[in-house]
Structure formats: C-alpha cells, structure tokens
Amino acid sequence: MEKQPRLLCSVLSVQRRPYEVILNCAILAWKETQTTKKHTGRGIYGAVKAGSYYVPMCEIISVQEKDDESPSENSGKWQKVPQSPVDSCQHAFTVSYVERTRQHCWRCSEVTFHCPELALCLLWVQTIREQLALLTNRPKHLLVYINPFGGKQRGKQIYDHKVTPIFSQASISTDVIVTEHPNHARDHLKTEADLMKYDGVVCVGGDGMFSEIVHGLVSRTQRDEGVDENSMKDTLVSCRLRIGIIPAGSTDCICYATVGSNDPVTSALHIVVGDSQSMDVCSVHDSDTFLRYSVSLLGYGFYGDVLTDSERKRWMGPARYDISGVKTFLSHRYYEGTVSFLPAEGNSGTPRDKFQCRSGCNICRGSSSDKLVSKDENNLPDAERQDDWTVIRGKFLAINAASMSCACPRSPKGLSPAAHLADGTTDLILVRKCSRLDFLRHLLRHTNKDDQFDHSFVEVYRVRQFHFTPRYQDCDSEVDLRESGVGSKRFLSQICREHKACGCIQAQSNWNCDGEILPHSAIQVRVHCQLISLFARGIEEQSVFEDPYALCAI
C-alpha cells in the first residue's frame, strides 16, 4: 500500500489513558502508549490488537470541539491527583464515526480526545474538518419522501427518531415531503421537483415506495434527455442523482440485498458517508408501449398469483403473503407459453456460480467498462441478431426474472443467490410443470443453503433481454391444440374454470413486478446496465484488516 504522509501526530488522552494519535488523508488511528492487560472492547474495524484502533477518513461522520467535563464526571467520589500533563488535559474534541456490528449493521459511535493545549485541540478539529470537506461524494442537500402508510405505518416515526439526528450531526439539510396518496412521490419527481438543488433523493418506506422513486427519477431523466421510453431499442440515460432507502416497509428486499440489513440507522449512515452502488433496471414493454420498470423480481405464475391474491387481503398486514402463498401452492396452477431470450455473453458468469455479488464486485466493475460497447450492440437490427435468441415452449408453474439476489430475512440467499446488481443481466428462472411435492422441495431451498436450481424441472439462464407470450396468444389454429395434447381438456376447463384447485389449465396469470401487479401477460423485457445508483456499497465481506500502524507507515 502506498505510504500516506502524516498530517498530524500527537499524544492525546482517551479515558485518562495516553494514546499516540495519527491523522493522514486516509485514516485516523490511535494506539495506547502504555502496555496493559485490559481488553479494550469492540473494534471500529475491530481492534487490530489490544489498544490499537483506526477509522477510515471516509467513515468519520463529524468532529466537534467539546468542553472538558472530566473533573465533574465522578462528582462526590475521590479523585486521583494528576501525575502527568496527559492526566490534566482541559481541552477536548469528539470524533463521531461508523462502527460495524453484527449482521452488516452499522452504528454511530464516538471517541473523545483530550488535549493539553487549546491551540492543539483547535488544530486537530480544523484539520479533520478540512479532510472531510475534501470528500466531495458526500451529500449536502437531500429530497426526502416519507410514506406514512407502508409496512406498519411507522415511516415518519422512524425518520424523525432515528434518521434526522444522524443527518443533523452530518450537517445534511433536507426537504421532506410526506406522501398523501399512491404515486405522489413519482408524480412529484416527474413534474415538479427542482432536481438541480439536490445531491440525492431518499425514500422512507418499503419496496413499493422505492419503485415510485425509480419510476419518477428515471422517467424525468429520459424526458429531460429526449429519450423515448416506449422504444425498446433506445438506450436509456443513467440518472445523475443517487437514491437512498430508509427501510420502513413489510419486506424491504431492495435494502436487504444491497446493504445486507434492513436497519434504518445503517442505511442512514451509508447515505451520510456518500456510498455509491450502481444498479441495473429492467424496462418492461407490451409491443411499443412502456409498462413499468423493475429492479428486483419479475414473476409470472406462482409469484404473480400470490401477489394477486394477497392484494385482496391487505387488511391482514404482512401475514397475507403467507396465507396467499399456501393457497396458491395448493391450487398448483400452471401456464403454457413461449419464452425467448438473448443469453448474456462475455465475463458475466452463470446463475449457478458460487461467487456472490459483494462490495467491489469485479463482474459489475467489468460491466461498467463494457457499457459503451453494449450500446452499439443494442442498436443492431433484430434480423442481424435473430440467431442469438433461444426459444423455449412449455408448461410452467413459475417464470421468474431476478435482477438481484432478492434476498430478505425469510430467504437469506434469495431467489438467485449469484445474481449481480450491476452487470447488465437478469437471471431467468423457468420452473416447469411438476408435482406438488417437487415444487415444495424447490420452494424450501429458498430458505437453506442447498442449490435451488438442482432439479430436473428447473432451468436458469443469465440473459440481457427476454420475451414471453402466453399460450392463448401463441396458438394460431386448432391443430396446435391437438398437437399439444390439450384439446380434450379445453372443454373441461370451461366447466370448472372457477374451481382452480382441480389443476385445469388457466388462461393467464399476472406478472409480479417488484411487488406490484402488472395486468399484462405478453411482455418484452430489456436490462439497462447501471441505470441508477444507490447510497450503498453492496454487501461487505467479513475480513481481517491490516495493522493500522502499517497503514500509517510507522
């Protein structure tokens, strides 16, 4: 690692113990100068060894001068007479920083350094602030939308009690809008918001609220850039503003899959330090008509039916998903249709890779450099690329397209554990007609570490585009019905159409588009590489860090 020049180096006091404190442009480190047997507690990045700590400069939240109140800390108790200048420090400053805890959660912690002279204290405060001012990726002014109705209706309470103090400490100003009706945030972003005033947009709510922000921000960007959203061939322009998510919904799948936790404080701290994580977005079309954007799951069949049924039970809260899931599983409906897709090529990997998308993912980094090349490829006429497409016909219990792992607390690995956030692809999962027992085995693997694609009736492909046409639109003649062996069942399906548990073929399902019902069956989907960015850094690997004094080149 390149040696960083020291900016400051002093012996300061922390909790009445002398520490050698070093600051350079990369880190703040402090090491106890006296050897003791006492274990010094939790680490920041973890105590590399007893009495040694360090914090990356990019994860310092703020620094404040503090009046030394140490003489009155133990009022009424016997006080030790100071034996050295360190013990008699009368000036102090407090550094607030990010501290990692278990399960990818972050907390705001602080350390107070006591200085022997006021001039030295002010020098440390001024120098740290100057270094923080150089971090230009940090937001200064945010537009915040709060959904007061989502999840357990605690969005405003979570923001006021947990997020506002953190933003205030980091000197971030906000304009807050509490939404009053569905699509309030989307419509405001598309038409009224003065986006040039802000460094980012923050949504307080669940996945539905995040979807509103994405639709409003992406649509506004395309309109300002003169891009036609209805055209499948046009390359969409990436959004300038980053999006922050303060989780306050029922599942918070997006937040869990991009940060590793659905904790509001953790998400607020990612916003404060100015993290950035690019994300792919899928555009969904019906012929030449734009329908919706998707960033996580497109599900037809099982997941579409679960969502359709659960919408009738919203009064039940999150429990409605469990009840609708059991009901849909017992009905065991399947659907016929044709899936055609354009496979991903190059270094995009496969959906069955053992390597998962993590912070600093090499595959996603490579996709960023390949983005300009892919723009030229997508402008080629369809006729020149027709041979690259794969066509599959059959009967399916579920057709899912996962643009990310779709992990959540109930399914820690998600629907597609190896899916990437920003590689310009989506994982297309086809679950063919099978027995209830086999389908149950597949569903149960979402909750454990077994390979959920290791079934003969499950196929998975990494794709850049795909189309789906249901059977009732795909058949041109009665001959097709007889060749498929289903002509004799059509009459029975008319008789028992309302008795769905009998297993007769249904006409169509609905698409589940990021938790919203899409009342279209025939769709065309295209992945747009790194169209948006979040205030996140991806899920971090648990690793052992180097000795900070090696980093400081001591």
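Values in this document were obtained by computation on a predicted structure and should not be read as measured data. For the single chain, residues carry numbers from 1 onward in sequence order.
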Q.
Please enumerate all residues that pass side-chain contact (heavy atoms from CB on, under 4.5 Å) together with Asn147, with sequence neighbours excluded.
A. Phe149, Thr179, Met209

Q. Does the Asp353 side chain pair with the main chain of Phe355, one donor and one acceptor, at a distance under 3.5 Å?
A. no

(Q) For His528 and Asp280: C-alpha separation, side-chain torsions, deciding distance, then whether side chain to side chain contact (heavy atoms under 4.5 Å, CB included) applies. (A) CA-CA 6 Å; His528 299 271; Asp280 299 332; over 6 Å; no

Q: Could you tell me the separation between the CG atom of Asp427 and the CG atom of Leu297, rounded to the nearest 0.5 Å?
A: 11.5 Å

**Q.** Main-chain N/O of Ala185 paired with Glu212 side-chain donor or acceptor, under 3.5 Å
**A.** yes

Q: Would you sort out whether His91 and Leu122 count as a side chain to side chain contact (heavy atoms under 4.5 Å, CB included), showing the intermediate values?
A: CA-CA 9 Å; His91 310 284; Leu122 295 177; over 6 Å; no

Q: Over all heavy atoms of both residues, which pair between Ala257 and Met404 is shortest? Give the atoms and the distance, please.
A: CB-SD, 3.7 Å

(Q) A side-chain contact here means heavy atoms from C-beta on lying under 4.5 Å apart; do Val111 and Tyr19 qualify? (A) no

Q.
If we count only N and O atoms by modelled type, under 3.5 Å, do the side chains of His104 and Thr266 hold a donor and an acceptor together?
A. no

Q) Less than 4.5 Å apart, any side-chain heavy atom of Ser62 and any of Ser171? A) no

Q.
Apply side chain to side chain contact (heavy atoms under 4.5 Å, CB included) to residues Cys9 and Glu20 and explain how you reach the verdict.
A. CA-CA 7 Å; Cys9 180; Glu20 183 181 17; 3.7 Å; yes

Q: Start with the C-alpha gap between Leu269 and Val273, add the side-chain angles, then the distance that decides, and say whether side chain to side chain contact (heavy atoms under 4.5 Å, CB included) holds.
A: CA-CA 6 Å; Leu269 290 173; Val273 302; 5.6 Å; no

Q: Quick one: closest heavy-atom pair of Val11 and Pro18, and the distance?
A: CG1-CB, 4.3 Å

(Q) Students often mix this up, so state it plainly: with edges at 30° and 60°, are the rings of Trp30 and Phe113 parallel, tilted or perpendicular? (A) perpendicular

Q. Below 4.5 Å, heavy atoms only, C-beta onward: do Pro56 and Tyr97 meet side chain to side chain?
A. no

**Q.** Nearest heavy atoms of Leu534 and Arg242, plus distance in Å
**A.** O-CD, 4.3 Å

Q. For the rings on His215 and Tyr293, is their centre-to-centre separation under 6.0 Å?
A. yes

**Q.** Distance-minimising heavy-atom pair for Lys66 and Thr94
**A.** CD-OG1, 3.3 Å

Q. Does the side chain of Cys239 come within less than 4.5 Å of Ile532's, by heavy atoms?
A. yes

Q.
Salt bridge or not between Glu59 and Arg537? Use side-chain N to carboxylate O under 4.0 Å.
A. yes

Q) So, Asp224 versus Thr221: side-chain donor-acceptor pair below 3.5 Å or not? A) no

Q: Return yes when atom NZ of Lys156 has more than 12 non-hydrogen atoms of other residues, nucleotides or ligands closer than 6.0 Å, and no otherwise.
A: no

Q) Got a second to check how far Met279's CE is from Ile254's CD1, nearest 0.5 Å? A) 5.5 Å

Q | Distance-only donor-acceptor check, side chains Ser219 and Arg186, under 3.5 Å | A | no

Q: Please tell me if the side chains of Asp514 and Asp207 come closer than 4.5 Å, counting only heavy atoms from C-beta onward.
A: no

Q: Please confirm whether the backbone N or O of Leu195 pairs with a side-chain atom of Arg240, one donor and one acceptor, at under 3.5 Å?
A: yes

Q | Geometric class of the Tyr303/His446 ring pair [parallel <30°, tilted 30-60°, perpendicular >60°] | A | tilted

Q. For the side chain of Gln222 and the backbone of Val237, is there at least one donor-acceptor N/O pair under 3.5 Å apart?
A. yes

Q. Less than 4.0 Å between a side-chain N and a carboxylate O, is that true for Lys162 and Asp263?
A. no

Q) When rounded to the nearest 0.5 angstrom, what distance separates CD1 in Ile166 from CD1 in Ile61? A) 7.0 Å

Compile the donor-acceptor pairs under 3.5 Å between side chains in residues 139-146 and protein atoms, sequence neighbours left out, one pair per line.
{"from": "His141", "atom 1": "ND1", "to": "Lys197", "atom 2": "O", "distance (Å)": "3.4"}
{"from": "His141", "atom 1": "NE2", "to": "Asp175", "atom 2": "OD2", "distance (Å)": "3.4"}
{"from": "Tyr145", "atom 1": "OH", "to": "His188", "atom 2": "ND1", "distance (Å)": "2.7"}

Q. Do we see a donor-acceptor contact under 3.5 Å between the side chains of Gln169 and Ser96?
A. yes

Q. If you take all heavy atoms of Thr258 and Leu421, which pair is closest and at what distance?
A. CG2-CD2, 4.0 Å

Q: For the residue pair Ser403 and Val295, establish whether any side-chain heavy-atom pair is separated by less than 4.5 Å.
A: no

(Q) Any non-hydrogen side-chain atom of Arg445 less than 4.5 Å from a side-chain atom of Asp454? (A) yes

Q | Donor-acceptor contact present, side-chain Arg129 to main-chain Val63, <3.5 Å | A | yes

**Q.** More than 12 heavy atoms of other groups within 6.0 Å of Glu345 CD
**A.** no

**Q.** CZ-CD distance between Arg100 and Glu540, expressed to the nearest 0.5 angstrom
**A.** 4.0 Å

**Q.** Sidechain-backbone polar pair: Asn24 side chain, Pro5 backbone, donor-acceptor under 3.5 Å
**A.** no

